[in-house]
Amino acid sequence: MAKLQSTLQWLKIKEGRSIDSHYRVQRNSLLSVLVCLFTIFPFSRSIQLDGLQFCAYGESESCGSSSTTTKLLIKGGTVVNAHHQEVADVYVEDGIIVSVQPNINVGDDVTVLDATGKYVMPGGIDPHTHLAMEFMGTETIDDFFSGQAAALAGGTTMHIDFVIPVNGSLTAGFEAYTKKAKKSCMDYGYHMAITKWDEDVAREMEIMVQKRGINSFKFFLAYKGSLMITDDLLLQGLKKCKSLGALAMVHAENGDAVAEGQNRMIDLGITGPEGHALSRPPVLEGEATARAVRLAGFVNVPLYVVHVMSVDAMEEIAKAQKSGQKVIGEPVVSGLVLDDSWLWNPDFTIAAKYVMSPPIRKSGHDKALQAALSRGVLQLVGTDHCTFNSTQKALGTDDFRKIPNGVNGIEERMHLVWETMVESGQISVTDYVRITSTECARIFNIYPRKGAILAGSDADIIILNPNSSFEITAATHHSRSDTNVYEGRKGKGKVEVTIAGGKVVWEGGALKVQPGWGKYIEMAPFSYLFNGIERADATYLSSLNAPVRRFKAAT
């Protein structure tokens, strides 16, 4: 039986403020029947029955209206911020947190959520996603609605996606992604990829920072022949980022060596998914990370290394940090909790779903990355959510080089990080908030609007029950993909309520979202990472003792 997600992308329950308990039971029974019907018979338009409204994917924004009042009180929970936790109430009006203090009294027109015995935290912020991305001859299966709906069900309330230029044009790329994001149901921001270099690109970078709210640019050192850039382009980009106060990001793999490794595997007759990992070993990630780190140090600009997957790359980042260089290391969930053994599975469909770049590494790298995250060498956790279904992955049945690279994670991140890092005792609850939300908000200059439970912050909030359990399966996830790389994983610590923009969008296992609810969040340049850059430049210049004045010898 096809999954509900593939036919019914979202539902909206429209109900009055007072519904007795008997009606609620009837309503839930009716929901179960309709879920089965929608699973078997996909509908192309919304239907209404006895006050219930279901809106099929693609309906206009007018389909349904918010069932959430503009006033919320979250009562009795342990409010957790990155540096402090306390038992307190949280009062919200019109999408903004108004007050955080014990024993808040409110009127009858306020919806009250009981969080006793649970944690009240900032919604997660995923710094690394690819929704509706055209890549390797196809497009990611999750768009700006399905991917965001999955995120909300997992406790993530904002993500930052990567805009890919159109024929090298940043403006055309931004416009294309603006259209893609019209169906968004939660807040989002953008990074911008740089795939070529000329004066037009340099001018467009200025426009993106000064007028479009983008404060980060990504440079691919891999994917030779498509996204990969040269060291010369990277240097030009680093200098431009420095002048604009924008954060330079790198996908660190040696693309030339990867191409050589791929050819080597094909020559050896290794065409299956295992060839992917064998063709791009950790040493190539370590080399590219070291190169990018040193060039950023040469320019004296902060650097953000995306999806750190190996000990090799992590150690280069740690070495740079120890020397005083500002380098951010971002692991992703797949690298923290998986190993590459799945790539050798005899079932191609199973093996292919784990193909991503850099590859998931051998057992041991995962534990080392976890330790680095707990020590602060790696600062925040992303997903690199870049999903392709089994049909798309099958494009590389006879050649691993044609398997679209990418795995899921936007819905699973918050639960897996809690289970892997908090339940294991490697980090505290406050550290959990830091690595899943606050540090991302700080790095990309949207704190404390995002990433905090403070008066004046956006009401993007989750309620996590540490005693409740979760299980991950493709049969129940909200992504459009028919596979899940975390299939069957179980753990403790479940997000029971997600509030986005003051709306309760996930509660009791029900997702209530609507296209158009999301907002584009502009991000200003010159985050805290740029503090001290000018002083460091001045110190460097004063240390040169040059130019030396010399006298020409008499002729």
Side-chain angles (χ1 to χ4, degrees), residues 82 124-129 160 162 191 216-222 234 238 241 246-254 282-297 299-338 356-361 364-385 409 413 416-417 420-421 426-427 431-444 451 527-530:
I125 307 174
D126 189 339
H128 190 151
T129 62
I160 311 178
F162 288 88
H191 311 291
S216 51
F217 295 91
K218 182 178 181 180
F219 303 87
F220 289 87
L221 306 187
L234 178 59
L238 290 173
C241 282
L247 183 57
M249 312 174 81
V250 289
H251 173 139
E253 289 182 286
N254 187 309
V283 65
L284 301 188
E285 186 185 354
E287 185 280 330
T289 301
R291 180 161 36 101
V293 164
R294 284 161 174 74
L295 292 178
V299 176
N300 188 28
V301 64
L303 184 71
Y304 184 116
V305 183
V306 304
H307 48 43
V308 177
M309 298 294 285
S310 67
V311 172
D312 305 54
M314 179 270 291
E315 289 180 342
E316 294 294 341
I317 293 168
K319 188 189 306 181
Q321 292 170 348
K322 190 173 182 179
S323 71
Q325 193 173 342
K326 294 182 179 181
V327 181
I328 299 295
E330 170 210 88
V332 290
V333 176
S334 54
L336 292 171
V337 307
L338 298 174
M356 65 172 292
S357 295
I360 298 167
R361 303 300 186 184
H365 288 270
D366 51 348
K367 298 297 183 183
L369 295 177
Q370 291 173 27
L373 183 61
S374 69
R375 298 195 311 269
V377 173
L378 305 176
Q379 292 87 355
L380 74 169
V381 181
T383 62
D384 195 7
H385 183 88
R413 179 183 71 123
L416 288 172
V417 172
T420 303
M421 301 302 297
Q426 295 187 76
I427 64 171
D431 284 337
Y432 174 80
V433 169
R434 175 178 56 80
I435 67 175
T436 61
S437 183
T438 305
E439 190 59 24
C440 183
R442 292 183 67 237
I443 289 169
F444 295 104
S527 74
Y528 80 94
L529 293 171
F530 283 82

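Only this structure's heavy atoms are used, side chains among them; waters, hydrogens and symmetry mates stay out. Residue numbers count from 1 along this sequence.
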Pairwise distance [atom1]([X]) to [atom2]([Y]) - rounded to 0.5 angstrom:
X	Y	atom1	atom2	answer
Met249	Phe217	CE	CZ	11.5 Å
Leu416	Thr383	CG	OG1	11.0 Å
Leu303	Leu238	CG	CG	7.0 Å
Met356	Asp384	CE	CG	4.5 Å
Ser334	His385	OG	NE2	12.0 Å
Asn254	Arg291	CG	CZ	5.0 Å

Counting only N and O atoms by type, is there a donor-acceptor contact under 3.5 Å from the side chain of [X] to the main-chain atoms of [Y]?
X	Y	answer
Ser527	Ile443	yes
Arg413	Val381	yes
Gln379	Gly329	yes
Ser374	Ile427	no
Gln325	Val293	yes

Taking the side chain as C-beta and beyond, is there a heavy-atom pair between [X] and [Y] under 4.5 Å?
X	Y	value
Tyr528	Arg442	yes
Leu380	Ile125	no
Leu234	Val250	yes
Pro359	Glu253	yes
Val299	Cys241	no

Looking at [X] and [Y], what are the two nearest heavy atoms and their distance?
X	Y	value
Leu247	Leu529	CD1-CD1, 3.9 Å
Leu221	Ala288	CD1-O, 3.9 Å
Pro331	Leu378	CD-CB, 3.7 Å
Pro127	Cys440	CB-SG, 3.7 Å
Ala248	Phe219	CB-CE1, 4.2 Å

Original post:
Stepwise, does the side-chain contact (heavy atoms from CB on, under 4.5 Å) test hold for Phe162 with His128?
Top reply: CA-CA 7 Å; Phe162 288 88; His128 190 151; 3.3 Å; yes
Could you tabulate the donor-acceptor pairs under 3.5 Å formed by side-chain atoms of residues 306-318, not counting sequence neighbours?
from: His307; atom 1: NE2; to: His251; atom 2: ND1; distance (Å): 3.2
from: Ser310; atom 1: OG; to: Glu285; atom 2: OE1; distance (Å): 3.0
from: Ser310; atom 1: OG; to: Ala313; atom 2: N; distance (Å): 3.2
from: Glu316; atom 1: OE1; to: Arg294; atom 2: NH1; distance (Å): 3.4

**OP:** State whether a side-chain donor-acceptor pair under 3.5 Å links Ser216 with His191.
**Re:** yes
Subject >> For Asp431, salt bridge (charged side-chain N to carboxylate O under 4.0 Å, His left out) partners two or more places apart >> reply: Arg434
